[in-house]
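Owing to the predicted nature of the structure, the values given are computational and were not obtained by experimental measurement. Reminder, nothing fancy here: chain letters follow the sequence lines and each chain counts from 1.
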Amino acid sequence: MENPAHRRVIAAIRAIPSGQVAGYGEVARRAGLPGRARMVARLLADNDDPGLPWHRVVRADGRIAFPAGSDLYLEQCRRLRAEDVQVEAGRVRGMRPSPSLDEHLWGDPG
DNA sequence: ACTGTGACAGCTG
DNA sequence: ACAGCTGCCACAG
């Protein structure tokens with residue numbers, strides 16, 4: 001069964017262009033459902049559509065959501081690399097952790 | 001209604 | 001960058 005909110009999330013995931021990634025919370029936000037990151041995760045877990053680019057959804061810090069070494073982890077890693085996405089230590093390059101208070105106040109000294 | 005769990009996020013040390 | 005804690009939402013028992 002599918003709710004209107006579910007369709008939004010699925011659409012948001014399908015909207016992620018190849019070679020790019022988005023966080024769970026990001027997807028939820030784009031779907032007009034701020035704070036529903038867990039919902040995105042649940043939908044993906046329940047998802048059956050092989051055409052859905054689920055591999056483009058990662059954690060907010062760019063890390064793969066699966067435990068390192070697991071089948072799904074390896075699969076996602078493989079798919080991302082197939083799209084020329086730099087993946088290192090289970091983490092996607094280009095994503096950066098949320099700015100800490102220090103960096104936010106003082107700025108990045110570089 | 002309460003509790004436990006999970007493909008999460010944000011802040012703090 | 002890493003670990004710990006808290007807040008959050010949805011679902012199953």
Residue-phosphate contact under 4.0 Å: A:Arg59 side-chain N/O, B:dG10 OP1/OP2: no
By a strict heavy-atom criterion of less than 4.0 Å, which residues belonging to residues 65-74 of chain A are in contact with DNA chain B? A:Ala65, A:Phe66
Which pair of heavy atoms, one from A:Ala37 and one from A:Ala28, lies closest together, and at what distance? N-CB, 4.0 Å
For residues 47-58 of chain A, which residues have at least one heavy atom under 4.0 Å from DNA chain B? A:Trp54
Expressed in angstrom and rounded to an integer, what is the separation of A:Asp61 atom CG from C:dG4 atom C1'? 15 Å
Show me the pairs that pass salt bridge (charged side-chain N to carboxylate O under 4.0 Å, His left out) and involve residues 7-19 of chain A, at least two apart or across chains. A:Arg14-A:Asp49
If I compare all heavy atoms of A:Val58 with all of A:Val92, which pair ends up nearest, and what's the gap? CG1-CG2, 4.1 Å
Would you write the dot-bracket representation of DNA chain C, where each base gets (, ), [, ], | or . depending on whether it forms a Watson-Crick or G-U pair under 3.5 Å and with which partner? .||||||.|||||
Taking salt bridge (Lys or Arg N to Asp or Glu O under 4.0 Å) as the test, write out the residues that go with A:Arg56, two or more places apart. A:Glu83
Using a 3.5 Å cut-off and no angle test, enumerate the donor-acceptor pairs between side-chain atoms of residues 70-81 of chain A and protein atoms at least two apart in sequence or in another chain.
| from | atom 1 | to | atom 2 | distance (Å) |
| --- | --- | --- | --- | --- |
| A:Ser70 | OG | A:Pro67 | O | 2.7 |
| A:Ser70 | OG | A:Tyr73 | N | 3.3 |
| A:Tyr73 | OH | A:Gly90 | N | 3.4 |
| A:Glu75 | OE2 | A:Arg79 | NE | 3.0 |
| A:Gln76 | NE2 | A:His55 | O | 2.9 |
| A:Gln76 | NE2 | A:Val57 | O | 2.9 |
| A:Arg81 | NH2 | A:Val87 | O | 3.2 |

When the P atoms of B:dA7 and C:dG7 are compared, how many Å lie between them, rounded to an integer? 22 Å
With a 4.5 Å heavy-atom cut-off, do A:Ile13 and A:Leu44 have their side chains touching? yes
Length of the line joining A:Leu44:CG and C:dC9:C1', which is rounded to integer Å: 15 Å
Taking only residues at least two apart or on different chains, which pairs with a member in residues 29-43 of chain A satisfy side chain to side chain donor-acceptor pair (under 3.5 Å)? none
Distances under 3.5 Å between protein N/O atoms and the N/O atoms of nucleotides 10-13 of chain C, please, pair by pair.
| from | atom 1 | to | atom 2 | distance (Å) |
| --- | --- | --- | --- | --- |
| C:dA10 | OP1 | A:Arg36 | NE | 3.4 |

When rounded to the nearest 0.5 angstrom, what is the spacing between CD in A:Gln20 and CE in A:Met95? 10.0 Å
So does A:Arg63 get a backbone contact from the side chain of A:Asp61, meaning a donor-acceptor N/O pair under 3.5 Å? yes
Taking atom CG of A:Leu33 and atom NE2 of A:His6, what is their separation to the nearest 0.5 Å? 9.0 Å
Please report the distance, rounded to the nearest Å, between CG in A:Leu43 and P in B:dC8. 13 Å
Ordered by number, residues from residues 9-23 of chain A within less than 4.0 Å of DNA chain B (heavy atoms) are A:Gly23
Applying side-chain hydrogen bond (donor to acceptor under 3.5 Å, both in side chains), can you list everything that pairs with A:Glu88, at least two apart in sequence or on another chain? A:Arg93
What are the residues of residues 26-35 of chain A, sorted by number, that bring a heavy atom to within less than 4.0 Å of DNA chain B? none
Using the P atom on both, measure C:dC8 against B:dT12 and round to a whole Å. 15 Å
